[in-house]
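Below is one structure, written out as C-alpha cells; comments come after it.
All values derive from a computational prediction rather than experimental measurement.
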Amino acid sequence: MARIVFDLDGTLIDSAPDIHVIANQVLADEGAEPITLAQARDFIGNGAAVFVARMRAARGIGDHRQDHMLAQFTRRYDTATELTRPYPGVVAALERLIAAGHKLGICTNKPIRPTRIVLQATGLAGYFDVVYGGDSLPVHKPDPRPLDTALADLGEGPEIYVGDSEVDAETAQRALVPFILFTEGYRKTAPALIPHTAAFSNYDDLFGLINMLETEAA
Ligand SMILES: O=C(O)COP(=O)(O)O
Ligand SMILES: [Mg+2]
C-alpha cells in the first residue's frame, strides 16, 4: 500500500473563485481596480505572501503595502469557502484509495488555518491522516521538507505526490518522490514542460494510475 500526498489548491479543490473574491476585497480597500479570475488562478501556488505580492504588482501597488495587505488577506482567508468545490470525481477517488488501504496526506502552500477550514467545508477533512500547510514548518514548497515530513508521518510504503503545478513538480523532484500531475488545475505551462511520472485530467483515472505505478515499482 502506498503513501499518497496531495497538493490542495488546483489539485483537490477549485478554490480560485473564493481567493479571487477576497483578493478583490483587499484591492478595493486600497482603492485599486479588481483582478480577473484568470489572474487569481495564476497567482496561486507559492503561498499567501507571494499571492499578495503578485496581485500588488498587477495593480502597481508598492512593497510598503505588503504587510498590511497580507494581514487583510489572511484575515479574510478563513471564511473564503463558499464558492470552493472539490474537482469532479475527487471524493470517489479518495474513497477508493482508502478502501484499498492507501494512506493519504496533504502538503499545500495554503496557510494551515484556512486549509483546515476549507477541508471541513468541502467534506474532505476525514480522508487525510496528515495535513501540512505553507506555514506548518519554517520552510514551504518547493522546499522538499514539508513533503518529506508528511510522507514520514504516513509510515511505510511507496511514495507518491499528486499536484497541479510547477512548484509541486519541483518539490517532488527535490524530494525524489514520483510525481503525478493533475492537468486541470492552475499550472502556468504545458504539461509536457512540467516534469512528471504520470499525468491525469479526470479523477476517475487516478486509482488505475496509482495501481499501475505500484505494479511497476514492485
Ligand atoms: O499558493 C497557495 O496558497 C496554495 O497553493 P497549493 O495548495 O497549490 O500549494
Ligand atoms: Mg496547487
Side-chain angles (χ1 to χ4, degrees), residues 1-15 44-45 84-110 112 115-116 118-120 122-134 136-137 139-187 191 194-218:
M1 293 313 115
R3 294 174 280 172
I4 307 163
V5 176
F6 289 82
D7 169 58
L8 185 58
D9 291 320
T11 297
L12 291 170
I13 58 173
D14 185 15
S15 47
I44 296 171
T84 298
R85 301 283 179 272
Y87 284 99
V90 162
V91 170
L94 298 177
E95 296 269 2
R96 243 179 128 182
L97 290 168
I98 284 178
H102 298 297
K103 292 267 172 277
L104 311 186
I106 287 185
C107 175
T108 171
N109 271 347
K110 192 194 266 310
I112 192 66
T115 293
R116 293 204 182 277
V118 80
L119 286 172
Q120 288 292 344
T122 51
L124 298 182
Y127 296 108
F128 301 97
D129 289 332
V130 298
V131 180
Y132 281 85
S136 295
L137 299 180
V139 292
H140 59 75
K141 299 181 295 179
D143 190 294
R145 269 169 285 181
L147 176 58
D148 279 338
T149 311
L151 286 163
D153 289 355
L154 290 177
E156 298 289 315
E159 304 172 329
I160 293 173
Y161 188 43
V162 183
D164 69 309
S165 76
E166 292 78 356
V167 174
D168 299 324
E170 183 184 340
T171 306
Q173 247 181 350
R174 288 169 62 178
L176 304 176
V177 170
F179 178 58
I180 302 184
L181 175 67
F182 176 56
T183 58
E184 307 309 293
Y186 308 153
R187 64 186 163 74
I194 303 176
H196 58 269
T197 310
F200 71 107
S201 60
N202 183 331
Y203 265 89
D204 296 347
D205 300 332
L206 182 61
F207 186 79
L209 209 52
I210 285 174
N211 274 343
M212 207 181 69
L213 290 182
E214 270 205 293
T215 313
E216 276 174 14

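Two residues are said to be in side-chain contact when any heavy atoms from C-beta on lie closer than 4.5 Å; Asp143 and Leu137 fail this criterion. Using a 4.5 Å heavy-atom cutoff, the side chains of Pro191 and Leu181 are in contact. Thr197 is not listed as a side-chain neighbour of Ile160, based on a closest heavy-atom distance of 4.5 Å or more. Ile106 has its side chain within reach of Leu12: a pair of non-hydrogen atoms, C-beta onward, lies under 4.5 Å apart. By the 4.5 Å heavy-atom criterion applied to side chains, Ile180 and Leu213 are counted as neighbours.
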Could you list the donor-acceptor pairs under 3.5 angstrom formed between side-chain atoms of residues 167-175 and any protein atom two or more places apart in sequence or on another chain?
from   : atom 1 : to     : atom 2 : distance (Å)
Asp168 : OD1    : Lys141 : NZ     : 2.8
Asp168 : OD1    : Tyr161 : OH     : 3.3
Asp168 : OD2    : Asp164 : N      : 3.0
Asp168 : OD2    : Ser165 : N      : 3.1
Asp168 : OD2    : Ser165 : OG     : 3.1
Glu170 : OE2    : Arg174 : NH1    : 3.1
Thr171 : OG1    : Val167 : O      : 2.6
Arg174 : NH1    : Pro142 : O      : 3.4

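To the nearest 0.5 Å, atom CE of residue Met1 and atom CD of residue Glu156 are 14.0 Å apart. A distance of 7.0 Å separates CG of Leu206 from CD1 of Ile4, quoted to the nearest 0.5 Å. Considering CG of Leu97 and CG of Leu104, their distance stands at 6.0 Å, rounded to 0.5 Å. Note that the CG atom of Leu151 and the CD atom of Glu159 stand 4.5 Å from one another [nearest 0.5 Å]. Considering CG of Asn109 and CG of Asp9, their distance stands at 9.0 Å, rounded to 0.5 Å. Note that the NE2 atom of His196 and the OG1 atom of Thr183 stand 9.0 Å from one another [nearest 0.5 Å].
Listed by chain and number, the residues in a side chain to side chain contact (heavy atoms under 4.5 Å, CB included) with Ala92 amount to none (sequence neighbours excluded). For the side chain to side chain donor-acceptor pair (under 3.5 Å) test, residues two or more places apart in sequence or in another chain that qualify with Asp153 are Tyr132. Taking the side chain to side chain contact (heavy atoms under 4.5 Å, CB included) definition, one finds that Ala152 meets it with nothing, sequence neighbours left out. In this view, Arg187 satisfies the salt bridge (Lys or Arg N to Asp or Glu O under 4.0 Å) rule with no residue, not counting sequence neighbours. With sequence neighbours excluded, no residue forms a side chain to side chain donor-acceptor pair (under 3.5 Å) with Asp148. Among residues two or more places apart in sequence or in another chain, the side chain to side chain contact (heavy atoms under 4.5 Å, CB included) test is passed with Met212 by Leu209, Glu216. For the side chain to side chain donor-acceptor pair (under 3.5 Å) test, residues two or more places apart in sequence or in another chain that qualify with Glu95 are Tyr127. Asp129 is linked by a side chain to side chain contact (heavy atoms under 4.5 Å, CB included) to Lys103, Leu154, counting only residues two or more places apart in sequence or in another chain. When the salt bridge (Lys or Arg N to Asp or Glu O under 4.0 Å) test is applied to Arg96, no partner is found at least two apart in sequence or on another chain. Remark: Phe200 pairs with Phe182, Tyr203 by the ring pair (Phe, Tyr, Trp, His ring centres under 6.0 Å) rule, at least two apart or across chains.
When every heavy atom of Val5 is checked against every heavy atom of Ala150, the shortest pair comes out as CG2-CB, 4.2 Å. What you find for His102 and Ala2 is that their closest heavy atoms are ND1-N, 2.9 Å. Shown here for Thr115 and Lys110, the closest heavy-atom pair between the two residues is OG1-O, 3.2 Å.
Sorted by first then second residue, the side chain to side chain donor-acceptor pair (under 3.5 Å) pairs that include residues 84-94, not counting sequence neighbours, are Asp18-Thr84.
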